Structure formats: structure tokens, C-alpha cells
Amino acid sequence: MQIRVEQTQNPKAKPADETKLGFGRIFTDHMFIMDYTLGQGWHDPRIVPYAPLSLEPSAMCLHYGQSVFEGMKAYRSDDDRILLFRPDKNMARLNVSNDRLCIPAIDEEFAVEAIKKLVSVDRDWVPTAPGTSLYIRPFIIGVDPVVGVHPAHHLMFMVICSPVGAYYPEGLNPVKIYVEDGYVRAVKGGMGFAKTAGNYAASLKAQDEAEKQNYTQVLWLDGVERKYIEEVGTMNVFFQIGDEVVTPALQGSILSGVTRMSAIEILKSWGMNVTERRLSIEEVAEASKQGKLKEAFGTGTAAVISPIGHLKWGDMIMQFNGGEIGPLSQRLYDTMTGIQWGKLPDTFDWTVEVKE
Ligand code: COI
């Protein structure tokens with residue numbers, strides 16, 4: 001399929017101060033769109049000026065949440081190359097989400113090419129200030145104008161891009177998290193492993209209550225026993241207990257993060273003992289009491305490597321490194337971002353250059 005490109009006639013002003021980008025508020029000049037129609041498949045891929053959509057008020061995605069998305073970034077290296085980080089993994093995960101939401105699969109290689117082309121068209125929007133990048137948001141919505149609960153026959157695959165700074169206002173400073181033991185995010189057999197709008201809708205109430213109490217996000221426990229650690233609002237989570245680095249195993253209710261997967265591979269390459277297993281909040285609390293809990297950090301495309309400085313569970317407060325970033329989180333952050341921004345050799349072959 002050929003991707004048609006319609007250049008904007010009204011380019012927007014680029015952000016004047018790249019140190020104040022925030023996250024996901026500014027959008028570039030163009031977007032990618034491709035339609036799906038039952039019987040015809042995915043068709044008419046195009047890059048067009050970024051603009052509001054025209055949807056029927058009855059469009060299915062607005063009512064029943066048949067909607068999946070991805071989060072990726074493009075990074076500008078010091079020698080002015082534009083790099084994507086493991087885009088094939090994001091597109092593979094998009095198809096996993098698609099399958100769960102009865103959305104027809106996309107051609108993963110074609111989707112990566114489409115994203116490269118869009119980023120190339122908007123390459124001047126990839127920011128240069130340290131720690132900034134171009135956040136890429138691919139998403140698919142069901143758009144049939146039908147208020148009946150069925151998988152859509154008409155869908156749109158779109159990609160929009162936003163120059164961003166750090167996701168959390170804390171930047172690389174440790175975040176404060178509390179363990180959520182009232183609300184649950186997902187259960188096995190549900191959609192927790194899929195990157196779909198409904199999972200984020202389910203998180204809003206807890207997130208809002210956490211922010212009101214001056215916490216950055218919540219740590220979710222499993223939806224059945226409220227015992228095992230799952231993930232934090234927008235990131236997967238790791239704990240260093242003694243010499244073991246533990247992250248919850250993917251058992252159907254946790255998002256399979258690309259940064260999570262990469263962190264595990266980097267830690268293993270350093271010879272560290274990394275395990276993916278069930279981890280109860282009691283075990284973490286016990287390790288904390290015994291002085292064995294060394295560090296905790298989250299991983300995510302938006303969050304990168306985000307150290308946790310303070311974890312509250314009921315009345316118990318666990319502090320890490322006196323509220324400072326720990327050596328392991330720092331080393332992992334430096335390595336991950338070093339590869340992403342092309343400052344370190346890409347020994348894993350993870351980056352993909354976007355050519356003009
Ligand atoms: C990402 O890390 O890319 C995400 O999708 C998290 C988010 C909802 C901002």
C-alpha cells in the first residue's frame with residue numbers, strides 16, 4: 001500500500017521553550033490515518049494535516065470503548081539522527097490488544113513504516129533539549145454509527161505525535177506511590193494485558209484520590225486476593241530485594257511493557273538475578289522491615305525509569321534511599337536513555353533510524 005502524503009499549508013509554531021513541554025499537550029503538524037472496512041480490510045493509508053475528526057455521535061468507540069493504543073518515542077541524537085526504540089515490539093503488542101478487543105490485526109511491518117514516514121514528515125518537531133523526545137501515539141477506534149454492542153465493522157488506525165518532556169513533574173526524582181487496596185484495575189480473563197482505553201478509565205478514580213493526597217500514582221494489587229503486586233498506573237514495577245530484582249510475572253492482568261522487557265534484558269546482561277514471579281505486598285513489607293528492600297522503580301515509555309522514593313501501604317511507609325534515586329535505578333536510567341538517545345552503543349540492536 002502506498003502512503004499518500006498531504007503536507008499542511010499552515011504549519012504551526014514550534015514550542016518556544018523546550019524545557020517547558022510538559023507531556024502530551026502539544027501536537028505536531030501531521031497525523032497518519034488508515035481506514036478499515038469489513039470485506040475490504042485496512043485501506044487508504046495517508047498522512048494529512050493534524051486536525052479534529054468528524055465522527056458520528058453514535059460512533060461505537062464513544063460508547064463501548066472499542067479502542068486500543070500504543071505509546072512510543074522518537075529521540076534526537078547528538079549527531080542529529082532520529083531514533084525509534086523497538087517499534088516492532090509496540091506494533092506486536094498492538095495486535096495483542098487488537099485481538100482482545102475484536103479489532104482486525106494490522107500489518108506490523110507496514111505500521112512501523114507508516115510511523116517512520118510520519119516522524120520523517122514531522123522530523124523538525126523532534127525536540128533537542130536534554131530529556132525531551134517526540135511521543136508517538138498510535139491508536140485504533142471502532143467508528144460504526146451503531147448503538148448496539150458488537151465489534152465494529154469500520155475502524156480507524158491513527159498516529160499522532162507530541163513533543164514531550166518528563167511524564168512526571170518529579171522528572172528523575174523519586175515518586176511517591178501508595179498501595180491501592182480498595183479499587184482494582186483488572187482481573188485475569190479481563191483486559192489488563194491489553195493497552196485499551198477501559199483500563200485507564202478504571203484507574204482514574206484511584207489516581208484522582210492519590211493526587212489529592214499528594215501521591216503521584218497508585219500501586220495496583222491483584223483483583224482477586226488483593227495480595228499480589230501488579231503494576232503502577234502508567235508503568236510496570238521492579239523491587240530490589242537483597243540481590244534479587246523482582247518484577248511481577250505477566251499473568252494476564254498486567255501490561256507487557258516494552259521498557260519492562262528491555263530493563264529485564266539489560267539487568268540480565270549485567271549478570272543480575274532478575275526474576276519474574278508473583279510478589280506479594282506482604283513480602284515487600286517484610287523485606288523492608290528486615291532492611292533488605294534496597295530500591296523500587298517503575299518502567300514505561302512515558303515514565304522511562306522512574307525511581308520510587310516512598311511507598312505507603314496502610315499505615316506503613318517504606319522509604320528507599322532516603323528519598324534519593326538509588327544506584328541501580330540510576331544505572332538503568334543512564335543505560336536505557338543512553339541507548340535511546342544514541343549516546344551509548346546499541347549493543348542490543350534496539351534502535352531504528354528514521355531517514356529523511
Ligand atoms: C506510555 O508509557 O506510553 C503510556 O502509554 C502510559 C500513558 C498512559 C501515558
Side-chain angles (χ1 to χ4, degrees), residues 21-28 65 67-75 83-98 100-101 111-112 115 118-119 126 131-141 157-172 175 177 180 185-186 191-208 210-211 216-220 230-238 247 250 253-264 297-308 332-333 336-337 340 350:
L21 291 173
F23 190 90
R25 294 171 186 279
I26 303 162
F27 295 92
T28 63
S67 151
V68 294
F69 70 96
E70 272 304 317
M72 323 162 50
K73 282 176 174 169
Y75 308 83
L83 303 172
L84 301 177
F85 184 72
R86 312 190 81 176
D88 54 323
K89 300 288 180 209
N90 288 94
M91 291 305 103
R93 186 175 62 182
L94 186 59
N95 267 341
V96 170
S97 304
N98 284 341
R100 181 63 181 83
L101 274 285
V112 171
I115 289 169
L118 175 65
V119 172
V126 182
T132 62
S133 55
L134 187 73
Y135 186 75
I136 303 167
R137 170 53 59 87
F139 63 103
I140 303 179
I141 50 175
F157 173 35
M158 307 184 60
V159 186
I160 55 174
C161 300
S162 170
V164 298
Y167 185 75
Y168 299 125
E170 289 89 339
L172 191 53
V175 291
I177 305 279
E180 176 59 64
R185 171 186 173 273
M191 307 191 297
F193 66 90
K195 207 157 171 65
T196 181
N199 287 334
Y200 294 81
S203 77
L204 293 175
K205 184 86 175 153
Q207 171 71 23
D208 189 48
E211 281 175 14
T216 314
Q217 298 215 323
V218 303
L219 176 63
W220 296 106
E230 298 232 300
E231 63 182 58
V232 172
T234 59
M235 50 191 194
N236 295 114
V237 69
F238 289 70
T247 191
L250 304 175
S253 53
I254 299 175
L255 193 74
S256 169
V258 177
T259 315
R260 172 189 182 278
M261 177 194 300
S262 309
I264 293 172
F297 56 87
T299 62
T301 299
V304 197
I305 304 295
S306 185
I308 298 172
L332 197 54
Y333 176 87
M336 188 79 73
T337 58
Q340 290 170 334
W350 283 340

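Everything quoted here is computed from the prediction, not taken from an experiment. Ligands are counted one by one from 1 in listed order, and the atoms in each one are counted from 1 as well. Numbering of residues begins at 1 and proceeds along the displayed sequence.
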Discussion item. Closer than 4.0 angstrom, basic N to acidic O: yes or no for E231 and R185?
Written reply: yes

So what's ligand 1 close to, N/O to N/O, under 3.5 Å?
unit_1, atom_1, unit_2, atom_2, d
ligand 1, 2 (O), T301, N, 3.4
ligand 1, 2 (O), A302, N, 2.8
ligand 1, 3 (O), Y135, OH, 2.6
ligand 1, 5 (O), Y135, OH, 3.2
ligand 1, 5 (O), K195, NZ, 2.7

Under 3.5 Å, which donor-acceptor pairs link side chains of residues 132-139 to any protein atom two or more places apart or in another chain?
unit_1, atom_1, unit_2, atom_2, d
T132, OG1, A129, N, 3.4
T132, OG1, A129, O, 2.5
Y135, OH, R137, NH2, 2.9
R137, NE, E70, O, 2.9

Discussion item. Holding to ring pair (Phe, Tyr, Trp, His ring centres under 6.0 Å), I want the full list of residues that pass it with Y75, two or more places apart in sequence or in another chain.
Written reply: W341

Worksheet item: Under 30°, 30 to 60°, or over 60°: which ring-plane class applies to F85 and W350, parallel, tilted or perpendicular?
Response: perpendicular

Item to complete: Answer yes or no: is there a donor N or O on one side and an acceptor on the other, between the side chain of K73 and the main chain of T301, under 3.5 Å?
Response: yes

Fill in: Non-neighbouring partners of T234 that pass side chain to side chain donor-acceptor pair (under 3.5 Å), sequence neighbours left out
Y168, Q217

